[in-house]
Amino acid sequence: MAALHTLWMGLVLLGVLGVLQTRAQAQVSLQPNFQQDKFLGRWFTSGLASNSSWFREKKNALSMCISVVAPSAEGGLNLTTTFLRKDQCETRTLLLRPAETPGCYSYTSPHWGSTHDVWVVATDYEEYALLYTAGTKSPGQDFHMATLYSRTQTPRAEVKEKFSTFAKTRGFTEDAIVFLPKTDRCMEEHR
């Protein structure tokens, strides 16, 4: 009986440690003193890393897209992204609802219906921004993505290296990190 009690306590302790480790891994640092008004405007999605099976299957066919960040009536942000899909330009807008901490937002995935959190991890507002997104696609399927936004279609090598380092600290491997090729398609709507 004592051995069974010891085994049970050991399993409970491992479970608690697992929860603590998962929470620690989920913690994301934010841009200090994030200024939402400076984050507004046009950004190019220059780099991505994701654990999504869809991303792994399509990553070689993706190209750079353009996003416009504008204030929403609710105090958050409207993120309008235009991208090339099946040889046509497609535009989608997400409402990023503000969280308690500046630089942290959430949105409801139109595809999965689940809530995803978005953190602006680092930005200089004038050249680049690093974002991290986490949520659940379906029960038992976590979704994680790192994004590099740049104000130009040709981010500097130092910015790309910063993104790679950031993505690796979030657990992405080299083969899950993609720098999207520059394109002129679908860019004219936001010039």
May I ask you to test the [X]-[Y] pair for a side-chain heavy-atom distance under 4.5 Å?
X: T147; Y: L130; result: no
X: L30; Y: C104; result: yes
X: L131; Y: Y149; result: yes
X: L180; Y: L48; result: yes
X: T123; Y: W43; result: yes
X: L148; Y: T45; result: no
X: T136; Y: F143; result: no
X: L40; Y: L77; result: yes

Taking only residues two or more places apart in sequence or in another chain, which ones pass side chain to side chain contact (heavy atoms under 4.5 Å, CB included) with [X]?
X: T165; answer: E161
X: L84; answer: S63, R185, C186
X: S150; answer: F44, S46, P155
X: A70; answer: none

What's the separation between atom [atom1] in [X] and atom [atom2] in [Y], rounded to the nearest 0.5 Å?
X: Q31; Y: Q36; atom1: CD; atom2: CD; answer: 13.5 Å
X: N78; Y: S67; atom1: CG; atom2: OG; answer: 12.0 Å
X: E74; Y: L95; atom1: CD; atom2: CG; answer: 5.0 Å

Using a 6.0 Å cut-off, check whether atom CD of Q88 has over 12 heavy atoms from anything other than its own residue. no

Using the ring of Y128 (Phe, Tyr or Trp, six-membered ring only), decide whether R151 places NZ or CZ under 6.0 Å from its centre and within 45 degrees of its axis.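 Here R151 fails the 6.0 Å and 45° test against Y128.
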
Any ring pair (Phe, Tyr, Trp, His ring centres under 6.0 Å) pairs touching [range], not counting sequence neighbours?
range: residues 162-181; value: F163-F179
range: residues 86-108; value: Y107-H116
range: residues 60-80; value: none

Summary of salt bridge (Lys or Arg N to Asp or Glu O under 4.0 Å) pairs that have at least one residue in residues 109-133, sequence neighbours excluded: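 Passing the test, one end in residues 109-133: E127-R156.
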
May I have all residue pairs that pass salt bridge (Lys or Arg N to Asp or Glu O under 4.0 Å) and include part of residues 88-112, sequence neighbours excluded?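 Listed by first then second residue: R85-E90, E90-R92.
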
Is there a donor in the side chain of T91 and an acceptor in the side chain of T82, or the other way round, less than 3.5 Å apart?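 T82 and T91 do have a side-chain donor-acceptor pair below 3.5 Å.
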
Does any donor atom in the side chain of D175 or T173 lie under 3.5 Å from an acceptor atom in the other side chain?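 Looking only at side-chain atoms, T173 and D175 do form a donor-acceptor pair, the distance falling under 3.5 Å.
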
Taking all atoms of both residues into account, what is the closest heavy-atom pair of H144 and Y132, and its distance?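 The pair with the smallest heavy-atom distance is ND1-OH, 2.8 Å.
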
Could you report the tightest heavy-atom contact between A167 and A146, atom names first, then the distance?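 The pair with the smallest heavy-atom distance is CB-CB, 4.4 Å.
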
F34: partners by ring pair (Phe, Tyr, Trp, His ring centres under 6.0 Å), with sequence neighbours left out: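 F34 satisfies ring pair (Phe, Tyr, Trp, His ring centres under 6.0 Å) with F39 once adjacent residues are dropped.
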
With sequence neighbours left out, write down each residue that passes side chain to side chain donor-acceptor pair (under 3.5 Å) with T101, or none if nothing qualifies.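 So T101 forms no side chain to side chain donor-acceptor pair (under 3.5 Å) with any residue.
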
Got a sec, which residues hit salt bridge (charged side-chain N to carboxylate O under 4.0 Å, His left out) with K168, two or more places apart in sequence or on another chain?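 Residues passing salt bridge (charged side-chain N to carboxylate O under 4.0 Å, His left out) with K168: E174.
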
Membership question, hydrophobic clusters at under 4.5 Å side-chain separation (ILVMFWY): are V69 and L96 in the same one?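 Yes, same cluster.
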
